[in-house]
2 protein chains.
Amino acid sequence: MSRIDRILASAEQHCREQGARMTPRRRQVMNLLLAQAGPQSAYQLLDQFKDRYQSNAQPPTIYRALDFLVQQGLAHRLSSTNQYLACDHITCRHGHKGTVFLLCDECGGVQETPLAGAAVSELEQTLDTLGFEIQQEPLLEVHGRCANCAL
Amino acid sequence: MSRIDRILASAEQHCREQGARMTPRRRQVMNLLLAQAGPQSAYQLLDQFKDRYQSNAQPPTIYRALDFLVQQGLAHRLSSTNQYLACDHITCRHGHKGTVFLLCDECGGVQETPLAGAAVSELEQTLDTLGFEIQQEPLLEVHGRCANCAL
DNA sequence: GAAGGTTATGTTATAACATAACAGATAAGG
DNA sequence: CCTTATCTGTTATGTTATAACATAACCTTC
Ligand SMILES: [Zn+2]
Ligand SMILES: [Zn+2]
Ligand SMILES: [Zn+2]
Ligand SMILES: [Zn+2]
């Protein structure tokens, strides 16, 4: 059983628990996300989807699947680059309080990492003081240069 | 001297110090941003720009001015909503380390607030450990409901 | 104050990203 | 079954952003 198959199985497990349906289309898109090292745009995914699964597929097919996967926390959308990627922590279910994405502007790679606990509670306190009710776990997108590219 | 004029003067001062040119076009776009309470899309700004300054203006006119203002730290781009707004702290020059935007999904309003210092240094430490060199001050966009709309 | 480099703007066209709307198919529950 | 909700196919369109090239304004240096 490959790495991808393991993660897919974990994702299906997650969906069953949530009463959500992991349909063939959604699994196919998830598979495309997992097959790729870096983040991809919706239209890149569409091209691959057409190559691999359904040559006449249209944008809504991809966007719907992505919306579903993002809602389920199985994938993430990077709003600063309009890209999507599979969650790097599907098998370990730690949630996404204070998740940080390190986006390398040089190689295009992304690293997903949790933020230290204290920083998260500080943020929560700030919001609390202002009476702001959070509705989606906030994701921080940090642009820069990764360790590899800095060499 | 109105509030807007004061901020514009401060913005020009900032540009002079940076050796950047606050041209008429850029000042006009800045003025539009300041005249508005909430964030606006580039095309909304374009419409206002056409109404008010130049009826045949095209998208690049707005995008170029916005890019300049964002680079100078006089305005911000909210990537999660594709909107732009004037910086709320132009006159007090505190920089933008750990700036948080609270976006109310109900009324569309935005509040710009600094994040507590400890949280910022925790983030820096996390990046440091991973050998990631930050290149743009990261902005955190938090979606939810503001105190006013929660009543 | 003319020459030549640099930065900003005008202009046309198009690329890239995303969704509305409706019809038809498939699954879940009684 | 039959009903209802959800998912998918399909067409069209809306929204956001930039490429590319021409022209104009600015700034230095001679
Ligand atoms: Zn994740
Ligand atoms: Zn890199
Ligand atoms: Zn600001
Ligand atoms: Zn509100």
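Per chain, numbering begins at 1; letters A, B, ... match sequence-line order.
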**Asked** Between the side chains of B/Thr113 and B/Gln111, does any donor sit under 3.5 Å from an acceptor?
**Response** no

**Message:** As a test of understanding, state which of B/Asp88, B/Leu102, B/Leu78 forms a side-chain contact (heavy atoms from CB on, under 4.5 Å) with B/Val110.
**Reply:** B/Leu78

**Asked** For the helix from C/dG1-D/dC30 to C/dG30-D/dC1, what is the angle between the axes at its two ends, each from 5 pairs, rounded to 10°?
**Response** 40°

**Asked** Quick check: are there more than 12 heavy atoms from other residues, nucleotides or ligands sitting under 6.0 Å from CD of B/Gln18?
**Response** yes

**Complete:** Residue pairs meeting salt bridge (Lys or Arg N to Asp or Glu O under 4.0 Å), one or both in residues 116-138 of chain A, sequence neighbours left out, come to A/Lys97-A/Glu124, A/Glu133-B/Arg145

**Message:** Show, in sequence, the C-alpha distance, side-chain angles and deciding distance for B/Gln40 and B/Gln48, and conclude whether the side-chain hydrogen bond (donor to acceptor under 3.5 Å, both in side chains) test is met.
**Reply:** CA-CA 11 Å; B/Gln40 302 166 83; B/Gln48 294 169 35; 2.6 Å; yes

**Request:** Using distance alone, with no hydrogens and no angle criterion, decide if A/Gln54 and A/Gln28 have a side-chain donor and acceptor under 3.5 Å apart.
**Result:** no

**Message:** Do B/Ser79 and A/Ser80 pair up side chain to side chain, a donor and an acceptor below 3.5 Å, judged on atom types alone?
**Reply:** no

**Partner set under ring pair (Phe, Tyr, Trp, His ring centres under 6.0 Å) for B/His89, not counting sequence neighbours** = B/His94

**Request:** Would you grab the first and last nucleotide of DNA chain C (5' to 3') that comes under 4.0 Å of any non-hydrogen atom in chain A?
**Result:** C/dC17 to C/dA27

**Prompt:** Is the centre of the A/Phe101 ring less than 6.0 Å from the centre of the A/His76 ring?
**Reply:** yes

**Message:** Can you pull out the residues from residues 15-27 of chain A that lie within a 4.0 Å heavy-atom distance of DNA chain C?
**Reply:** A/Arg21

**Prompt:** B/Glu112 and B/His96: side-chain donor and acceptor closer than 3.5 Å?
**Reply:** yes

**Asked** Within a reach of under 6.0 Å around CD of B/Gln13, are more than 12 heavy atoms found that belong to other residues, nucleotides or ligands?
**Response** yes

**Prompt:** Checking side-chain hydrogen bond (donor to acceptor under 3.5 Å, both in side chains) for the pair B/Asn31/B/Tyr53: CA distance, chi angles, key distance, verdict?
**Reply:** CA-CA 11 Å; B/Asn31 194 31; B/Tyr53 300 117; 3.0 Å; yes

**Request:** Under 4.0 Å from any atom of DNA chain D, heavy atoms only: list the residues of residues 52-70 of chain A that qualify, in numerical order.
**Result:** A/Gln54, A/Asn56, A/Gln58, A/Pro60, A/Thr61, A/Arg64

